[in-house]
Amino acid sequence: MKAGRSPLLESVRSAIRLRHYSIRTEEAYVGWIVRYIHFHHVTHPSELGPDAVTAFLTYLAVKRNVAPSTQNQALNALNFLYAHVLDRPLGELDGLVRARRPQRLPSVLSESEIGRLLDQMEGQQWLVACLLYGSGLRLLESLRLRVNDIDFEHRCLIVRDGKGAKDRVVTLADELLEPIKRHLGERRTIWERDCARGVAGVYLPYALARKYPNAAQAWGWQYVFVSNAITKDPRSEALRRHHLNESVVRRAVYRAAFKAGIERRVSCHTLRHSFATHLLERGADIRTVQEQLGHSDVRTTQIYTHVIKRGGFAVKSPLGAILGRSQHND
C-alpha cells in the first residue's frame, strides 16, 4: 500500500485534520501506518490486533535499533489509527520491548566558539541562529515566529503552540532589537509585493482562517522568516509564501561551524543546549532555565548541570576555603 489515495489513509488524514494536528504529524502518522501495513505483508489493519502492533514495535526496537522517541511516534500513530479510525482502541500492549538508548550528554559550545560560528553566518540564517542561542528556541519555534509574536517593548518573544502544544514567553537579547527591526522592514517589502500579486495569505492554524477571514493577509500574522519561493499548500493547494525551510538553516549552521574550525559535531540544537548551559554557568536558577526552554519536567533541564564548567550543579568545593586558610596561617 502506498501513502496515496487509499480509502484507509484518506480516513486517517480526515481524522487527523478534524483534530487540527499539524501537517508534520499527518505525514509522520501516515508514514508509520504504511510501514506497519507492509510489515504485515499488506494486510489491512482491521484484520490485525494488539499482537501485530506489538510485533511491529518490537521489530523497530530489536532489529532496527530505533531511538525511543521514534518507537513512541510509531506507537502514537498506531494508537491513533485504531482508536480514531478503526474504533478499536489498543489498550495495553503485552510483551512490548521498549527501545532504550543510554542518555547522552548534550553537545555544548563555549562562548568563544559561539562567537566564531555566528561570525561565519549572515542574513536570515544569522538572525535565526542568534535566536536559537540568545533565546533558547527550538529551530521550528524560531521559524514559526510571526510578527505579532515579537514584543519589542518588553524585550521578549511569545512562542505559540510549542512542543506539547504549550505557549511560553522567552527573553529577547537587547542586541537583536535593531537587527530584527531592520529585517522586518525588508520582510514587509516582500509582504507588500505578495499582496499586490494576489498571493494567498499566510497559513493560519485551526479555525482562525474561518473566524477571521482577513487575518491571513494581515501584516501581524506573517512569518518573520520566509522562503524565497512561493509554494503550494499541501492541504488547501493555495499558493503561499511559507516560512524558511529548516534545511536551509541546518546547512548554514553546519557550514559556519566548519569554517569556524569547530571540529565537534554542531547542529541547530547545539545552540539551544549552549544557551541553557551558559545561563546556568552565569548563575541562573534552574527553574528559570526550565521555563525558558519550555521543559515540562525540571529533570530534563538538570542534564545541563552535568556539562557546565564546574561539574554537577556548579557546586564550588569548600576545600578551597580550608586550604586557603591553612596557607594563610602558614
Side-chain angles (χ1 to χ4, degrees), residues 1-40 42-50 52-54 56-57 59-60 64 66-93 96 99 138-141 143-146 159-167 200-213 215-216 221 223 227 231-240 242-243 245-247 294 296:
M1 178 183 291
K2 295 182 179 179
R5 297 297 177 185
S6 77
L8 174 67
L9 297 183
E10 285 303 294
S11 297
V12 172
R13 291 189 176 97
S14 296
I16 287 173
R17 295 175 189 182
L18 180 66
R19 290 162 179 81
H20 309 298
Y21 288 12
S22 73
I23 185 67
R24 292 174 183 276
T25 301
E26 178 181 328
E27 292 170 350
Y29 278 20
V30 169
W32 281 117
I33 290 167
V34 170
R35 293 185 191 98
Y36 170 67
I37 291 170
H38 280 284
F39 177 80
H40 289 293
V42 199
T43 304
H44 196 282
S46 62
E47 301 176 27
L48 303 169
V53 173
T54 298
F56 175 64
L57 296 174
Y59 159 78
L60 292 178
R64 297 296 302 275
V66 301
S69 58
T70 302
Q71 188 190 44
N72 286 337
Q73 187 184 67
L75 173 59
N76 291 339
L78 297 178
N79 270 330
F80 185 91
L81 169 67
Y82 280 92
H84 301 298
V85 178
L86 301 179
D87 197 24
R88 289 170 45 195
L90 290 172
E92 292 294 326
L93 296 176
L96 173 61
R138 300 177 178 92
L139 178 55
L140 266 180
E141 290 174 343
L143 297 182
R144 288 173 174 168
L145 281 175
R146 299 177 190 255
V159 179
R160 302 191 186 278
D161 199 23
K163 190 173 182 178
K166 296 180 294 185
D167 294 354
V202 70
Y203 165 77
L204 291 180
Y206 312 134
L208 285 175
R210 293 193 300 273
K211 188 174 182 180
Y212 304 108
W221 281 99
Y223 289 121
S227 169
T231 54
K232 183 180 291 187
D233 188 302
R235 286 178 171 172
S236 68
E237 298 192 345
L239 293 175
R240 305 183 190 278
H242 200 51
H243 63 63
N245 192 282
E246 310 97 279
S247 62
S296 58

Point-to-point distance, once rounded to the nearest 0.5 Å, from [atom1] of [X] to [atom2] of [Y]:
X: Leu143; Y: Ser227; atom1: CG; atom2: OG; value: 11.0 Å
X: Phe56; Y: Trp32; atom1: CZ; atom2: CH2; value: 5.5 Å
X: Leu81; Y: Ile37; atom1: CG; atom2: CD1; value: 7.0 Å
X: Thr231; Y: Arg240; atom1: OG1; atom2: CZ; value: 9.5 Å
X: Leu60; Y: Tyr36; atom1: CG; atom2: OH; value: 12.0 Å
X: His243; Y: Leu145; atom1: NE2; atom2: CG; value: 10.5 Å

Where do [X] and [Y] come nearest, in terms of heavy atoms and distance?
X: Pro68; Y: Ala99; result: CG-O, 3.3 Å
X: Ala216; Y: Leu204; result: N-CD1, 3.6 Å
X: Gly49; Y: Arg88; result: CA-NH2, 3.9 Å
X: Lys166; Y: Ser296; result: NZ-CB, 3.5 Å
X: Val85; Y: Ala15; result: CG2-CB, 4.1 Å
X: Tyr82; Y: Leu48; result: OH-O, 3.3 Å

Does [Y] offer a backbone N or O that forms a donor-acceptor pair with the side chain of [X] under 3.5 Å?
X: Thr54; Y: Pro50; answer: yes
X: Glu10; Y: Pro7; answer: no
X: Ser236; Y: Asp233; answer: no

Report task. Start with the C-alpha gap between Val53 and Leu93, add the side-chain angles, then the distance that decides, and say whether side-chain contact (heavy atoms from CB on, under 4.5 Å) holds. Result -> CA-CA 8 Å; Val53 173; Leu93 296 176; 3.8 Å; yes
**Report entry** Tyr223 six-ring face occupied by Arg146 cation (under 6.0 Å, within 45°)
**Finding:**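 Here Arg146 passes the 6.0 Å and 45° test against Tyr223.
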Query - Carboxylate-amine/guanidinium proximity below 4.0 Å for Glu27 and Arg24 - result: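 Arg24 and Glu27: not salt-bridged.
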Report task. Evaluate side-chain contact (heavy atoms from CB on, under 4.5 Å) for Leu96 paired with Gln71, printing each intermediate quantity in order. Result -> CA-CA 11 Å; Leu96 173 61; Gln71 188 190 44; 4.1 Å; yes
Requested in this report: Begin with the C-alpha distance, continue with both residues' side-chain angles, and end with the deciding distance and a verdict on side-chain contact (heavy atoms from CB on, under 4.5 Å) for Val34 and Leu9.
Outcome: CA-CA 9 Å; Val34 170; Leu9 297 183; 3.8 Å; yes
Requested in this report: Decide whether Ser11 and Ser14 meet the rule of one side-chain donor and one side-chain acceptor closer than 3.5 Å.
Outcome: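 Result is no, nothing qualifies.
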Query raised in the report: What's the verdict on side-chain contact (heavy atoms from CB on, under 4.5 Å) for Leu86 and Leu8, showing C-alpha distance, side-chain angles and the deciding distance?
Result: CA-CA 9 Å; Leu86 301 179; Leu8 174 67; 4.3 Å; yes
Query - Ring geometry between His84 and Phe80 (parallel below 30°, tilted from 30 to 60°, perpendicular above 60°) - result: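 Judged by the thresholds at 30° and 60°, the geometry between Phe80 and His84 is tilted.
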